[in-house]
Amino acid sequence: MLPASIQITGELLSAAEVQDICESLKEDGVRLLSVRGCQLSDRDFGRVCRGVAESNSLAQLNLNLGIVSGINRTRHLADALKTNRSLQTLFLHGSPLLDAGLVTLNSALSTHPTLVCLDLGDCMLGDEALGLICGMLPPDGAKSGLRELTLSANPGISSKGWARLAIAVAHSSQIRVLNLDYNPLGDQTAGMLAVAVASSRTLEVLDLEGTGLTNQSAQVFLDMVENYPTSLRVLVLAENDISPELQQQICDLLSEDSSPQMVLLTSGLGESLLAETEM
């Protein structure tokens with residue numbers, strides 16, 4: 001029997017339901033497990049993590065919206081990830097991890113052999129956490145790293161932290177999708193990111209929706225796409241103070257390329273390009 005999907009949203013999970021999930025995981029009967037926004041006891045969360053550790057079929061795990069609600073749960077998840085060898089995509093969006101949580105998870109995340117997509121949006125992260133995340137984007141010639149990274153809505157990260165990320169992205173041999181929407185980046189950080197995009201040979205999607213950009217940033221991106229070859233296919237500039245004329249110029253230049261490139265001027269990039277379930 002082919003592995004199935006288990007998707008439950010916003011429910012109070014009973015011990016019996018958790019037991020069914022755990023048995024399916026241990027029998028390699030689950031490829032996708034999503035319990036976003038659900039409530040379960042600490043004991044049951046630990047049981048699910050042990051099931052994740054034992055599963056050889058699980059490819060995507062969605063724990064969005066507060067499931068990983070404290071350091072003890074973070075430790076359970078880290079232990080599971082150290083043993084699991086099948087997971088490709090992990091969603092932790094809306095988990096109050098803080099930097100301490102990322103420190104706890106770092107070893108398991110950075111050494112996982114198959115993890116390529118990670119969502120850490122709205123996880124209350126700061127510069128210490130971002131420094132660790134940069135280590136998951138190894139440079140050319142190093143080990144494989146993340147192909148898709150979401151860091152939406154982490155306003156505690158400083159301009160120095162974003163500068164470190166820009167350097168890591170410029171040299172990453174794997175990253176294809178980078179979602180930084182709803183962070184107060186501003187024009188200076190956007191300029192650093194433009195340099196990273198120009199340097200990257202792999203980045204295809206950059207989401208900068210609602211990041212406090214102005215025409216100054218748009219002009220930098222316009223110069224980039226006009227004068228330098230890039231791998232960029234999708235640039236999201238919605239919800240910024242950028243003139244329609246500049247947006248259209250960038251769009252026209254990208255559309256001249258033979259590949260299907262575009263600028264998204266309105267909201268709607270949607271979910272992870274590698275995802276199989278909702279956030």
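All figures in this text were calculated on a predicted structure; none of them were measured in a lab.
- Asn183 and Asn154 make their closest contact through OD1-N, 2.6 Å (heavy atoms, listed as atom of the first residue, atom of the second, distance).
- Checked against side chain to side chain contact (heavy atoms under 4.5 Å, CB included), Ser217 has the following partners two or more places apart in sequence or in another chain: Asp187, Ala190, Leu213.
- Atoms CD1 and CG, from Ile157 and Leu130 in turn, are 4.5 Å apart once rounded to the nearest 0.5 Å.
- Only one option out of Ile250, Leu246, Leu232 pairs with Phe221 in a side chain to side chain contact (heavy atoms under 4.5 Å, CB included); it is Ile250.
- To the nearest 0.5 angstrom, Ser57 atom OG is 9.0 Å from Arg31 atom CZ.
- Separating the CG atom in Leu90 from the CD atom in Gln60 is a distance of 9.5 Å, to the nearest 0.5 Å.
- Taking each heavy atom of Leu63 and Leu92 in turn, the nearest pair found is CB-CD2, 3.9 Å.
- Counting only heavy atoms from C-beta outward, the side chains of Asn84 and His112 approach each other to under 4.5 Å.
- Listed here is the closest heavy atom pair of Ala196 and Ala166: CB-O, 3.2 Å.
- The hydrophobic cluster containing Leu98, built from Ile/Leu/Val/Met/Phe/Trp/Tyr side-chain heavy atoms closer than 4.5 Å, also comprises Met124.
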- Under the side-chain hydrogen bond (donor to acceptor under 3.5 Å, both in side chains) rule, what do Ser152 and Asn179 come out as? Steps first, then yes or no, please. CA-CA 6 Å; Ser152 315; Asn179 299 314; 5.8 Å; no

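- Note that the CG atom of Leu206 and the OG atom of Ser200 stand 10.0 Å from one another [nearest 0.5 Å].
- Heavy atoms only, all atoms of each residue included: Val68 and Ser95 are closest at O-CB, 3.8 Å.
- Ile71 and Leu102 are members of different hydrophobic clusters when ILVMFWY side chains are connected at heavy-atom separations under 4.5 Å.
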Please list every donor-acceptor pair under 3.5 Å in which a side-chain atom of residues 15-24 meets a protein atom from a residue at least two apart or in another chain.
unit_1	atom_1	unit_2	atom_2	d
Glu17	OE1	Ser14	N	2.9
Glu17	OE1	Ser14	OG	3.4
Gln19	OE1	Arg47	NH2	2.2
Gln19	NE2	Glu23	OE2	3.0
Ser24	OG	Asp20	O	3.1

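- Partner of His93 under the side-chain hydrogen bond (donor to acceptor under 3.5 Å, both in side chains) criterion, chosen from Asp122, Asp119, Thr150: Asp119.
- Asn215 and Gln219 share no side-chain donor-acceptor pair at under 3.5 Å.
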Table please: side-chain donor-acceptor pairs of residues 73-81 below 3.5 Å, with sequence neighbours left out.
unit_1	atom_1	unit_2	atom_2	d
Arg73	NE	Asp42	OD1	2.8
Arg73	NH1	Ile67	O	2.9
Arg73	NH2	Leu40	O	2.6
Arg73	NH2	Asp42	OD1	2.9
Thr74	OG1	Gly70	O	2.9
Arg75	NH1	Asn72	OD1	2.9

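- Remark: Thr83 engages Ala53 in a side chain to side chain contact (heavy atoms under 4.5 Å, CB included) (not counting sequence neighbours).
- Applying the side chain to side chain contact (heavy atoms under 4.5 Å, CB included) rule to Asn56 yields the partners Asp28; only residues at least two apart in sequence or on another chain are considered.
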